[in-house]
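Beneath this line is the structure, given in structure tokens, with notes to follow.
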2 protein chains.
Amino acid sequence: MSASTRADASRERVLQAALRAIASNGYRGSALAAIAADAGLTTAGLLHHFPSKEHLLVAVLAERDRLDGAQFQLAGFQGLAALDRLAELVQHNAMVPGLVQAYTVLMGESVGEDHPAREWFQDRYPRRRANIAAALRAGIESGEIRCEVDCDAVAAQVIAMMDGLQVQWVLNPDLVDMVAVFANFIAGVRRAIAQ
Amino acid sequence: MSASTRADASRERVLQAALRAIASNGYRGSALAAIAADAGLTTAGLLHHFPSKEHLLVAVLAERDRLDGAQFQLAGFQGLAALDRLAELVQHNAMVPGLVQAYTVLMGESVGEDHPAREWFQDRYPRRRANIAAALRAGIESGEIRCEVDCDAVAAQVIAMMDGLQVQWVLNPDLVDMVAVFANFIAGVRRAIAQ
DNA sequence: CGGGTCCGACCGATTGCTCGGTCTCGTTAT
DNA sequence: ATAACGAGACCGAGCAATCGGTCGGACCCG
């Protein structure tokens, strides 16, 4: 499974350093040399593990996918329980501000035309909307959600609320209680769509 | 007021070009030379009007402030009417995708630590939240909004929804009907907070 | 003519990335 | 057990390209 402990440890340190750098300066603003130094390597050493800066970025995104998959995706929450699960996810995110910041920076940066992360986000949003919408539709079938609810719209709204609040929270952590405001929002959605 | 038409025209073209460039590649990813060429100038010519790249950025943001001020700020909408006004603003934004994209990219980019636009966004969010919250509180006084509504939370939510939907819409315009989904959201908020 | 406007040439710094080489370590042959 | 070997991990130096910004002078309009 894990061939050499040495190489894997270096890779891991590089990924962490890349996350920190992206959180601070974005992808374009981060220098490969700085990331390498932060990970205790030289530029050439880093490039040995990740053949290019873009490869490093997709590795960071893949890591995020891996964590998310283990944490949220597989969980088969349906109906209103899925919404509560999302509130818990926000609560968890509030404890890893660095990761949230890196994700937020990348999200904005990727909107640009030729950004290497654009495709990743472009694929990710429809998938997440579909996941949440499906969970809501399951709630309709089980009778706990009113049948005339526009599940796709609600799914888009929930995701938009998560992203939007993250921006405000990262910019001004002590002025916005992201967890409380999102919980408040979810409570409103529950009230609006529950049978 | 306007000294020479020539210089003002150049300035205007540079601002437009900067907006396009930022929309495509962000602030960090945009080259001064490319912006200048797009505006029909050389780098040195651009630098004659804006002494540094950062000066150009704040000029772009100031322009945004100017437009917003004329379009939304001064209008004294209160209570539920303010929410409808925001829905109209989203409707208007949907017709200028380039501007929305530039704003979205900048928003994410500015989350970084030393970004020159960070302060601008950091000041802007509390101000906008306060504006909307004040409008809602006025609606409470006039009796059209229930008095136990958390105006600050709702204000943060409305702004977060605008920003979050913009991201999804810019990334995938044909998959997300930003105007409709936001209108749907506002309708829900109205239902939740109206007396 | 004179000041505002803009260009061409250039600078120092930094970028992502390559290349040649050194070091370490597990494997294998003896 | 030990020596020889080869693959992987990493470094130092430097590549070409690009970055934001400077400087002196040419153009043009009032």
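Naming: A, B, ... by sequence-line order, numbering from 1 per chain. Keep in mind that what you see is a predicted model, and the values were worked out from it rather than measured. Side chains are part of it too, since the values below use all heavy atoms of this structure and drop only hydrogens, waters and symmetry mates.
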*Whole-Å gap separating C1' (C:dG4) and CG (B:D8)*: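 Between C1' of C:dG4 and CG of B:D8: 12 Å.
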Review point. C:dC6 C1' sits how many Å from B:H48 NE2, rounded?
Key: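 Those two atoms, NE2 and C1', are 7 Å apart.
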The complete set of salt bridge (Lys or Arg N to Asp or Glu O under 4.0 Å) pairs with one or both residues in residues 175-184 of chain B, sequence neighbours excluded, reads none
Point to revise | Contact list for residues 16-36 of chain B, test salt bridge (Lys or Arg N to Asp or Glu O under 4.0 Å), sequence neighbours left out | key: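 Listed by first then second residue: B:R20-B:D38.
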With B for base contact, S for sugar-phosphate-only contact and - for none (protein heavy atoms under 4.0 Å), nucleotides 11-30 of chain D reads BB------SSBBB-------
Residue pairs passing the side-chain hydrogen bond (donor to acceptor under 3.5 Å, both in side chains) test with at least one member in residues 145-156 of chain B, sequence neighbours excluded, are B:R137-B:D152, B:R146-B:E148
**Prompt:** So which pairs with a foot in residues 157-175 of chain A pass side-chain hydrogen bond (donor to acceptor under 3.5 Å, both in side chains), sequence neighbours left out?
**Reply:**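 As it turns out, the side-chain hydrogen bond (donor to acceptor under 3.5 Å, both in side chains) pairs with a partner in residues 157-175 of chain A, which skip direct neighbours, are A:Y125-A:D163, A:Q157-B:N184, A:Q168-B:R129.
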In short, ring pair (Phe, Tyr, Trp, His ring centres under 6.0 Å) pairs touching residues 11-38 of chain A with sequence neighbours left out are A:Y27-A:H115
Respond yes when some side-chain nitrogen or oxygen of B:S10 is under 4.0 Å from OP1 or OP2 of C:dC6, and no when none is.
->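 B:S10 to C:dC6 OP1/OP2: side-chain N or O found under 4.0 Å.
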